[in-house]
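Note that this is a predicted model, so its numbers are computed, not measured. Each chain gets a letter, A, B and so on, in the order the sequences are listed, and its residues count up from 1. When reading the values below, keep in mind they use all heavy atoms of this one structure, side chains included, and skip hydrogens, waters and symmetry mates.
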Amino acid sequence: MKTLVLAEHDGKQLSPALFQAVTAAQFWNSPVDLLVVGSNTSEIAQQAAAISGVARVIQADAVHLAHPLAEDVANLIFEIGREYQVILAAHSSFSRNILPRAAALLDVAMISDALSIHNDNTYVRSGYAGNILNTIHSTDAIQVLTVHSSNFAAASLGGSAEVVSIKVPAAFGKTRWLAEKHNHSDRPALSSAKIVVSGGRSLGSAEKFEQILSPLAAKLGAALGATRAAVDAGYAPNEIQVGQTGVVVAPDLYIAIGVSGAVQHTYGMKDSKIVVAINQDPDAPIFQVADYCLVADLFEAVPTLTAAIH
Amino acid sequence: MKILVAVKRVVDYNIKVRIKPDGSDVDIHGVKMGVNPFDENAIEEALRLKEQGKATEVVAVSLGTTANQDVLRHALAMGADRAILIESHVKLQPLGVAKLLKTVVEREQPDIILLGKQAIDDDSGQTGQMLAALLGYPQGTFVSALNVEGNEVTVTREVDGGTEDIAITLPAVITADLRLNAPRFVKLPNLMMARKKPIETLHAPEMGVDVKPRLKLLQVTEPAARKPGIKVDSVEELLSKLRTIEGIQL
Ligand SMILES: Cc1cc2nc3c(=O)[nH]c(=O)nc-3n(C[C@H](O)[C@H](O)[C@H](O)COP(=O)(O)OP(=O)(O)OC[C@H]3O[C@@H](n4cnc5c(N)ncnc54)[C@H](O)[C@@H]3O)c2cc1C
Ligand SMILES: Nc1ncnc2c1ncn2[C@@H]1O[C@H](COP(=O)(O)O)[C@@H](O)[C@H]1O
């Protein structure tokens, strides 16, 4: 039997989390195939072939896959899925859109965001916003899952897998891609950043959010994160929301600034190596998950901190 | 145009659940329950489409036990026209829920099926996509804005890098993100009125679909607590502490 990994990419580069998903896929000790879907993907397919531990890169290339839609990718996975014992991807908005659809076509259950793999069909995943851990055993013949990529080491380069093209079925045709909006910034990507500076509603405005947090992030080479309250208030864009309904991060250093520490937020950051919290309320729940707790007014403490960093 | 909204009954998001002493599951006995937050957004959006004159009927459906009547009453009190309860004594998983919802869709023939993007108890985030697959319908997931024009719905999806807009031909399955709208508060008189509205009950075992759980829960444990933090009194102290940590350069 074989393992299939759905590769995520932006047309130019593979997602860093894919390398971690490839490591997770080695668990079953069977050949690992990567599925690369898109248009003009020869460059991406070559990158994928160079990941060590990959047996084959399956390239599904068609003009209508330039912005791959869940309906089309799920159909592709369905067509080849029966050859596999395991079909997995790094947990992301891309895979969360596609894999449940593919699983239902294959008439199997899906395991979302597996934290660890215990044996061929047993996993640990969290529930209730990370308050509990469930050990789950799947009885299906095909295991479809997404993995919590930060829990797996990244596969290295140095492989030379063969690349094979497959015939792409006609477009599903009931969904049209219109546009995408990405806030381009010079900062590192949130999900893979080594340091994250995160702010809450207490920043008070989009201007303050930028003015107080950006200089610190710039000095640290950090990505910016935000709470849902800050995003809802329009202080920060949706894609930097950290938490149960946003991005899950596990950087070396997470600095939570004016963040209360609701479980829905801490779900997204409590695996960080070191957590620093700055909050004026000594009883703020964020201090329960922080390694270093500074009770202070952020509007004073953060500029002081920024100035003191070399 | 008819809209079907799936409403799950879950533990209130403010509650920290306890684990049963034998570690077999969480103990939700006597715990405050309510509508899954994302499903409130789904109901709200359906009602807004009705108020805009684009939808004619909003039907709420919930799967579980008779206890689920309370979330259906909530949906009715918000303004849903009808409610359907699918009773199941087997604890349902997303694939089973999707299969049962499919039979309701086949009977009701809604143009839009609205679900939450995820249930906050299991955080699966699967049911909408599975339902769309089983129906052969297109899907719009993690939706934060929605506009119906003729037989097409245009949605904004919240994705990892930002947002994405797609246009979807109806009938379609849509899953709601929290930023789709701010759900209305239920007024007491509406809740009283909703108590009187009938709820149609269907029985899962009679619906001819296989809802046998595919996933077995072997054990529930508490995650390891982080070790207690250190209180620092000043930015200087914070920095001097951080500077002793290997790998961090400040
Ligand atoms: C279904 C659901 C999903 C959710 N998903 C997410 C999610 O993914 N991510 C997320 O973040 N939230 C999520 N939430 C919301 C979450 O429950 C909290 O409401 C939110 O995280 C609070 O954001 P906050 O800390 O910015 O705001 P608040 O809770 O208002 O906290 C502000 C904090 O700032 C402190 N403060 C105020 N002024 C200062 C100052 N001058 N200096 C220092 N400190 C100051 C206060 O003491 C307080 O602790 C979700 C909620 C639900 C119901
Ligand atoms: N038992 C249920 N009853 C009604 N709706 C449900 C049920 N389970 C899941 N759903 C719907 O599916 C969405 C996603 O759930 P899940 O896939 O479990 O995260 C929820 O937000 C609901 O809209």
Answer whether the closest heavy-atom distance between the side chains of [X] and [Y] falls below 4.5 Å.
{"X": "B:Arg226", "Y": "A:Gln288", "result": "no"}
{"X": "A:Glu239", "Y": "B:Val159", "result": "no"}
{"X": "A:Thr122", "Y": "B:Leu218", "result": "yes"}
{"X": "B:Phe38", "Y": "A:Thr245", "result": "yes"}
{"X": "B:Glu164", "Y": "A:Trp177", "result": "yes"}
{"X": "B:Val220", "Y": "A:Leu133", "result": "no"}
{"X": "A:Glu180", "Y": "B:Thr163", "result": "no"}
{"X": "A:His137", "Y": "B:Leu215", "result": "no"}

Nearest 0.5 Å, please: how far is [atom2] in [Y] from [atom1] in [X]?
{"X": "A:Arg96", "Y": "B:Ser124", "atom1": "CZ", "atom2": "OG", "result": "11.5 Å"}
{"X": "B:Gln249", "Y": "A:Ile309", "atom1": "CD", "atom2": "CD1", "result": "12.5 Å"}
{"X": "B:Asp160", "Y": "A:Ser92", "atom1": "CG", "atom2": "OG", "result": "5.5 Å"}
{"X": "A:Ile255", "Y": "B:Leu242", "atom1": "CD1", "atom2": "CG", "result": "7.0 Å"}
{"X": "A:Leu294", "Y": "B:Asp233", "atom1": "CG", "atom2": "CG", "result": "8.5 Å"}
{"X": "B:Ile245", "Y": "A:Asp291", "atom1": "CD1", "atom2": "CG", "result": "7.5 Å"}

Give the minimum heavy-atom separation between [X] and [Y], together with the two atoms involved.
{"X": "B:Tyr137", "Y": "A:Phe172", "answer": "C-CZ, 3.9 Å"}
{"X": "A:Lys174", "Y": "B:Pro138", "answer": "CB-CG, 3.8 Å"}
{"X": "B:Pro223", "Y": "A:Asn131", "answer": "CD-O, 3.1 Å"}
{"X": "A:Arg101", "Y": "B:Ala132", "answer": "NH1-CB, 3.3 Å"}
{"X": "A:Pro100", "Y": "B:Gly125", "answer": "CG-O, 4.0 Å"}

For A:Lys194, does the NZ atom sit with more than 12 other heavy atoms under 6.0 Å from it, leaving out its own atoms?
no

CZ of B:Arg107: more than 12 outside heavy atoms within 6.0 angstrom?
yes

With a 4.5 Å cut-off on heavy-atom pairs, point out which of [options] contacts chain A the most.
{"options": "B:Lys227, B:Glu222, B:Lys117", "result": "B:Lys117"}
{"options": "B:Gly161, B:Ala172, B:Gly229", "result": "B:Gly161"}
{"options": "B:Leu134, B:Thr141, B:Val232", "result": "B:Val232"}
{"options": "B:Lys231, B:Glu158, B:Lys99", "result": "B:Glu158"}
{"options": "B:Glu236, B:Gln129, B:Gln93", "result": "B:Gln129"}
{"options": "B:Ile168, B:Ile230, B:Leu95, B:Thr175", "result": "B:Ile230"}

Residue, of [options], that accumulates the most heavy atom pairs under 4.5 Å with chain B:
{"options": "A:Asp232, A:Asn121, A:Thr146", "value": "A:Asp232"}
{"options": "A:Val108, A:Asp10, A:Leu220", "value": "A:Val108"}
{"options": "A:Ala308, A:Ala179, A:Ala290", "value": "A:Ala179"}
{"options": "A:Val302, A:Leu115, A:Ile111, A:Ile136", "value": "A:Ile136"}
{"options": "A:Val247, A:Val263, A:Val275, A:Leu69", "value": "A:Val275"}
{"options": "A:Gln244, A:His67, A:Lys273", "value": "A:Gln244"}

Is there a side-chain contact (heavy atoms from CB on, under 4.5 Å) between B:Gln139 and A:Asn97? Walk through the geometry before answering.
CA-CA 9 Å; B:Gln139 69 188 46; A:Asn97 191 29; 2.8 Å; yes

[X] portion near chain A, given a 4.5 angstrom heavy-atom threshold:
{"X": "B:Ile120", "answer": "both"}
{"X": "B:Val153", "answer": "neither"}
{"X": "B:Leu217", "answer": "both"}
{"X": "B:Ala167", "answer": "both"}
{"X": "B:Glu152", "answer": "side chain"}

Is a donor from one side chain sitting under 3.5 angstrom from an acceptor on the other, for B:Gln126 and A:Ser112?
yes

Check the pair B:Leu239, A:Leu305 against side-chain contact (heavy atoms from CB on, under 4.5 Å), reporting the backbone distance first and the verdict last.
CA-CA 8 Å; B:Leu239 268 177; A:Leu305 178 62; 3.8 Å; yes

Does any backbone or side-chain atom of [X] lie under 4.5 Å from a heavy atom of chain B? Answer side chain, backbone, both or neither.
{"X": "A:Asp271", "value": "backbone"}
{"X": "A:Ala301", "value": "both"}
{"X": "A:Gln264", "value": "side chain"}
{"X": "A:Arg228", "value": "both"}

So that I can tick it off, tell me whether B:Arg214 and A:Asp107 are bridged by a salt bridge, with the cut-off set at under 4.0 angstrom between side-chain N and carboxylate O.
yes

Give the C-alpha distance, both sets of side-chain angles, the deciding distance and a yes or no for side-chain contact (heavy atoms from CB on, under 4.5 Å) between B:Thr169 and A:Thr175.
CA-CA 6 Å; B:Thr169 308; A:Thr175 312; over 6 Å; no

B:Asp123/A:Asp113 under side-chain contact (heavy atoms from CB on, under 4.5 Å): CA gap, chis, key distance, verdict:
CA-CA 9 Å; B:Asp123 283 332; A:Asp113 206 16; over 6 Å; no

Check whether any side-chain N or O of B:Arg179 sits under 3.5 Å from a backbone N or O of A:Val231 as a donor-acceptor pair, and report yes or no.
no

